[in-house]
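Input: a single structure, listed below in structure tokens.
All heavy atoms count here, side chains included; hydrogens, waters and symmetry mates do not. Throughout, a chain's letter reflects where its sequence line sits, starting with A, and its residues are numbered from 1.
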Amino acid sequence: MPELPEVETTARGIGPHVIGRTLVAVCVHQPILRYPVAEDLSQILAQQTVVSLSRRGKYLLMQCERGHLLIHLGMSGCLRMQPTGHRLRKYDHLVWCFDHGEDLVFNDPRRFGLVLWTTENPFQHRLLAHLGVEPLTDSFHAEMLYAKAKTRKQSVKQFIMDHKVVVGVGNIYASEALFMAAIDPRRSCQRISLARYERLVMGIKQVLAAAIDQGGTTLKDFSSNHQPGYFQQSLQVYGRHDQPCVHCGNAIRQVHLGQRNSYFCAHCQR
DNA sequence: AGTGCGGCCTGTCCGC
DNA sequence: TGCGGACAGGCCGCAC
């Protein structure tokens, strides 16, 4: 499922194909996504040129001349470029046709994703306004986490997955980062020292950066779909219950935290 | 205000 | 072999 690294990789891959290009048509084949796609999206976007493509959390922001398109890939969404008129696949819900003979295609089997048009400042949009800091910036640091954790009564894993605290730490990378930081995911976020939060911040930055690096090499061709789980060969604990810990050999454990599967080594993580 | 949970949707897996 | 049911998963939005 697309987490922050996949979204970042998508932005980097798609950007050069769409920035500076002008839309000639938009075809909506399935308007029922997380929120309904605007009925008049095609009229709105026609003849608009794409100014920039950026990312905020797991949202893609396609800046056009008269507003922004907010795109979220949900659980199963992906974007790809293909020649105009090229045949569509199952679950290709939206197609943006550009003036240079390439189409941008939004595919999303589970339809947890969204495509919204907004003319306001996109960062003030209700879906983005309350998002926490970007994990790969200097604003994301241990002091900030430590201070915020003081008033919370959650496990540390639920805490770092809260998008009001820090964006883009999904279920997979939360488990991985906690393993790198040797912190038990069940531990109360209040009962973690500043020094351990330093390790956790480094773990989060490292695992996300590594995944973006891999995505950059694995997904450099944006004419094809994502390879599902392309980062999986690098996962140290996620999905590895009952398999040996790569550090100590003890069996990786699986527990539920806030309805989410969590994986950890009870020997290495305290 | 902080926290928990239902619901959206479909591919995959499991048991019969 | 085919079928039904459970499950996963991000994240909003409501209930407590």
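Contact detail for A/Glu65 and A/Thr49: the closest heavy-atom pair is OE1-N, 2.6 Å. Here the closest non-hydrogen pair linking A/Asn107 and A/Lys90 is ND2-O, 2.8 Å. Across all their heavy atoms, A/Val207 and A/Ala177 have their closest contact at CG1-CB, 4.3 Å.
Under 4.0 angstrom from either OP1 or OP2 of C/dC11 there lies at least one side-chain N or O belonging to A/His72. Remark: A/Lys153 is not in phosphate contact with B/dT3, judged by side-chain N or O atoms under 4.0 Å from OP1 or OP2. Put simply, A/Arg126 has no side-chain N or O that comes within less than 4.0 Å of OP1 or OP2 on C/dC12.
Residue A/Asn261 is classed as a sugar-phosphate contact, given heavy-atom separations below 4.0 Å to backbone atoms only. Contacts of A/Phe159 with the nucleic acid, taken as non-hydrogen atoms under 4.0 Å apart, are absent. When heavy atoms are screened at a 4.0 angstrom cut-off, A/Arg34 is found touching base atoms of the nucleic acid.
Of the residues near DNA chain C, A/Leu131 and A/Arg110, the one whose nearest nucleotide (by heavy atom distance) lies more toward the 5' end is A/Arg110.
The listed nucleotides are C/dG10, C/dA8, C/dG13; the one nearest the side chain of A/His256 is C/dA8. The side chain of A/Tyr35 lies closest to C/dG13 when the candidates are C/dC11, C/dG13, B/dC9. Listed nucleotides: C/dC11, C/dG9, B/dT3. Nearest to the side chain of A/Asn171: C/dG9.
When ring centroids are compared, A/Phe179 and A/His247 come within the 6.0 Å threshold.
Between the OH atom of A/Tyr238 and the OG atom of A/Ser262 there is a distance of 9.0 Å, given to the nearest 0.5 Å.
When rounded to the nearest whole Å, the span between CG of A/Leu114 and P of C/dG13 equals 10 Å. Following rounding to the nearest Å, A/Lys157 (NZ) and B/dG4 (P) show an atom-to-atom distance of 13 Å. Going from atom CD of A/Glu6 over to atom P of C/dG10 covers 11 Å, rounded to whole Å. At whole-Å resolution of the value, OH in A/Tyr238 and C1' in C/dA8 are 8 Å apart. As a whole-Å value, the separation of A/Leu73 CG from B/dC9 P is 18 Å. Taking atom CD of residue A/Gln254 and atom C1' of nucleotide C/dA8, one finds them 11 Å apart after rounding to whole Å. Rounded to whole Å, the distance from CG on A/Leu33 to C1' on B/dT10 is 14 Å. In this structure, A/Gln158 places its CD atom 9 Å from C1' of B/dT3, rounding to the nearest Å.
For C/dG10, its base sits under 3.5 Å from the side chain of A/Arg260 at one donor and acceptor pair at least.
A 6.0 Å sphere centred on NE2 of A/His125 holds more than 12 heavy atoms belonging to other residues, nucleotides or ligands.
Residue A/Phe112 and nucleotide C/dC11 are not classified as a stacked aromatic pair, given the requirement of ring centres less than 5.5 Å apart at an interplanar angle below 30°.
The base-pairing partner of C/dT1, taking Watson-Crick or G-U wobble contacts with both distances under 3.5 Å, does not exist among the strands shown.
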